[in-house]
Every structure is written in C-alpha cells, then in structure tokens.
**Student:** 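My structure is below; once you've seen it, I'll send some questions.
Chain letters run A, B, ... following the sequence lines, proteins first, then strands; residues in each count from 1. Values in this document were obtained by computation on a predicted structure and should not be read as measured data.
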Protein chains: 2
Amino acid sequence: MKTYSIGEVAKMMGVTTHTLRFYDKEGLLPNVRKNSAGLRRFTEDDINWLLILDCLKATGLPLKEIRHYIELAKQGSKTLSERREMFIHQKERVKQQMEILNKNMEKIDFKIKYYDEAIKNGEENVYLKNKHLAEEKKRLFKVD
Amino acid sequence: MKTYSIGEVAKMMGVTTHTLRFYDKEGLLPNVRKNSAGLRRFTEDDINWLLILDCLKATGLPLKEIRHYIELAKQGSKTLSERREMFIHQKERVKQQMEILNKNMEKIDFKIKYYDEAIKNGEENVYLKNKHLAEEKKRLFKVD
DNA sequence: GCTTGACTTAGAGTCGACTTTAAGTTCTAT
DNA sequence: ATAGAACTTAAAGTCGACTCTAAGTCAAGC
C-alpha cells in the first residue's frame, strides 16, 4: 500500500511537519505507523482522517474534543451513536456560524453602501440625505 | 442625550466590563466620554460602533487592524475610500469563510450519513455495502 | 450609612494552538 | 563518502485576546 512521508503530507495539507508531529504527540493521529527506521508513514486513511480533523478544527471543535472523538472511535461499534451525535451537534454549530456570517455580511454590505454614499457626497453626514440608509441602519444595528 | 454605564453596555453586548475597559485601554473605543466623576458614559453611537467592532472581530479582523481603521476614521473624509476598501476586503474574507463553511457542512453531512449506515449495519465497514457513500467519500475527501 | 458597582494603574496569568529550539540520527543524491 | 535535506525527541517560547488581581478611591441607590 502506498504511503507518504511527513513532509509530503505536510505539503498536501498545507501545514508544517512541526504541526503534524504536534498532532501526533497530542494523540490526534491515532493510526499513523512508523517504518523500521522510525519514520512516520502516512496511508490514504491517515490523510482522510487529517481532512476530517481539519473540518472539525475549522468549524471550531477544540483539539481536546477531537481527542475525545478519537477515544470513542477506538472503542469500536458500541460508540457509533455517540459519534453520530457529535456530528449532529457539530452540524448545529455550523448552522449557527452560517447565520452569524450572514448577519455580518449584511452589516459589511451596509458599510460599503454607507461609504459609497459618503464618497459621493464628500462627507460622512449621510443619513440626513439618504433616508433609505438611515432605515437600514436602524434595522441592522440594534441590540437584542 | 441618553447614555449608558459600562455595566449596562457590558450586559447589552454580552461581554464583561473588563473587556470593555481592555478595549478602551487598547484604543478601540475612540469616542467614549467620561462624566465629571470620571465614569464612562456610552452613547448610542458608541454602542453602534461596538456592534461594528463585533462584526469585524467575528469575521476575523485582528484588533490591531481594527485600531488602524479607527486611525483612518479619525483622519476624516480624506480616508473615506481607504475605509471603503477595508470593508470590500472584509467582504471577500467573509465570502471565503462561507465557502469553507459550506464545504465543511458537506463533510459533516457525509459523516452523519456514514454513521446512519454504520448504525443500521451494526458495524463500520460501510463502503462495501453502500456504493453511493463510497462515491461521495471520493468526491468530498480529496487533497488538491 | 451600607451595599453595589463604578473608577484608576500596572502587571501577572490563562488558554488554545501552534512554533521554535536544540541536539542528535538517517536518507538521498552526486 | 560526504553534503544537505529530512527525520527524531523533549521542552521552551510565542501570539492574540482576553481575564484577573491588587490596592485603593469614589459615587449612586435604598
């Protein structure tokens, strides 16, 4: 079976070899084997796992919860539903992140419109001249 | 004009008073005035700014770049287009974040389907039985 | 008048996720 | 055979964004 060196994998994943060794030390690379010379050899499965790890990290799961997930996986099929729950929960987190991102996008779009108007008028006092913007400001910038 | 104490604003914004003072110390609250007793009094405009600050933070702009934006704003209308550019750039960042989030959502959805199938079969060896999943795995988990 | 919460400066501590250093070993190409 | 890259380990250092402590003063509401 084809395997990859730590350097090759680092390049593939866009991280440094240091980071991969750090993950290994932290128990985040559960299956990576070492060859007779003590060098890590990564399989396709290891790389697949790194892609999941990346997904979990990118969606805000802390490394120690990722480690917990690994522990579950090691315990075999009796933890299948617990692992499923973890991904369901993560999906909810991602939905929330999307909502927040959409709201922030609206605010940023508003600010761009604001600056378009301000540049057109050569000054910042925009709300008196543009009632539409003033209304939008009210809608977007309020505290719950 | 109605003003708010640091404690009221902290509650509104869902942060601690420590954080607000930290922001002030770091030059991130440019207009907050203090009353005769030296207590901070936040205006509606200050709260509006905190909402923008929050938006910029949440979309990944570091505090020192936020400080830079404040510097620009202080320099008046000659920096209007530079400030507009900053928001245009931030909009691009947010678009990227959305793309990444969508891709990660697909991976998470895949994992949920994977676990649904594994639970149904009582074991993890799912790809032999479900060609559709095997195909989707190939599509979702590949390194560029 | 007492409790609660505000203020001040200055500095130390925390947390997560790396990142770098040091000192040594092994692989690959010429 | 030797240079230089890539590998090994353990441990210390960095960074951003808070978070808290200390030690003391001041003010508002009941």
**Student:** By the 4.0 Å heavy-atom rule, please label Arg21(A) as base, sugar-phosphate, or nothing.
**Tutor:**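 Base contact.
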**Student:** Measure the distance from CG on Leu29(A) to P on dT8(D) and round it to the nearest whole Å.
**Tutor:** 12 Å
**Student:** Without decimals, in angstroms, what is the distance between Arg40(A) CZ and dA6(D) C1'?
**Tutor:**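 Result: 12 Å.
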**Student:** Main chain of Glu82(B), side chain of Thr79(B): is a donor-acceptor contact present, judged purely on distance under 3.5 Å?
**Tutor:** no
**Student:** Whole angstrom is fine here: how far is it from CG in Asp24(A) over to P in dA17(C)?
**Tutor:**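 Result: 17 Å.
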**Student:** Please check if the side chain of Asp54(A) supplies one atom and the backbone of Leu50(A) the other of a donor-acceptor pair under 3.5 Å.
**Tutor:**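 Not confirmed, Asp54(A) side chain does not pair with Leu50(A) backbone.
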**Student:** Just how far, in rounded Å, is P of dC15(D) from CD of Glu26(B)?
**Tutor:** 15 Å
**Student:** For the pair Thr43(A) (side chain) and Asp46(A) (backbone), establish whether a donor and an acceptor sit closer than 3.5 Å, ignoring hydrogens and angles.
**Tutor:**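 At least one qualifying donor-acceptor pair exists.
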**Student:** Return the value, rounded to whole Å, for the distance between atom CZ of Phe42(B) and atom P of dA6(C).
**Tutor:**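 Checked: the CZ to P distance equals 11 Å.
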**Student:** Please report, rounded to the nearest Å, how far the C1' atom of dT8(D) is from the CZ atom of Arg33(A).
**Tutor:**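 Between C1' of dT8(D) and CZ of Arg33(A): 18 Å.
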**Student:** Shared ILVMFWY cluster between Ile119(B) and Tyr69(A), side chains joined below 4.5 angstrom?
**Tutor:** yes
**Student:** With a 6.0 Å cut-off on ring centres, are Phe110(B) and Tyr115(B) close enough?
**Tutor:** no
**Student:** Pairing donors with acceptors under 3.5 angstrom, does anything connect the side chains of Glu124(B) and Ser77(A)?
**Tutor:** no
**Student:** To the nearest Å, give me how far apart CG (Leu20(A)) and P (dT8(D)) are.
**Tutor:** 10 Å
**Student:** Keeping the roles fixed (side chain from Gln97(A), backbone from Leu101(B)), state whether a donor-acceptor pair exists under 3.5 Å.
**Tutor:**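 A pair under 3.5 Å: no.
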**Student:** Does any residue of residues 3-10 of chain B have a heavy atom under 4.0 Å from DNA chain C, and if so, which ones, in number order?
**Tutor:**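 Only Ile6(B), Gly7(B) qualify.
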**Student:** What integer distance in Å separates Leu28(A):CG from dA17(C):P?
**Tutor:** 9 Å
**Student:** What one-letter contact string describes nucleotides 16-30 of chain D from 5' to 3', where B marks a base within less than 4.0 Å of any protein heavy atom, S marks contact via sugar-phosphate atoms alone, and - marks no contact?
**Tutor:** -SBBBB-----S---
**Student:** Would you say Glu136(B) and Tyr114(B) are linked by a side-chain donor-acceptor pair, where the criterion is simply a distance under 3.5 Å?
**Tutor:**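 Side-chain D/A pair, Tyr114(B) to Glu136(B): absent.
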**Student:** Check this for me, if you would: do Arg67(A) and Glu26(A) make a salt bridge, where the nitrogen-to-carboxylate-oxygen distance has to be below 4.0 angstrom?
**Tutor:**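 Salt bridge flag = yes for Glu26(A) with Arg67(A).
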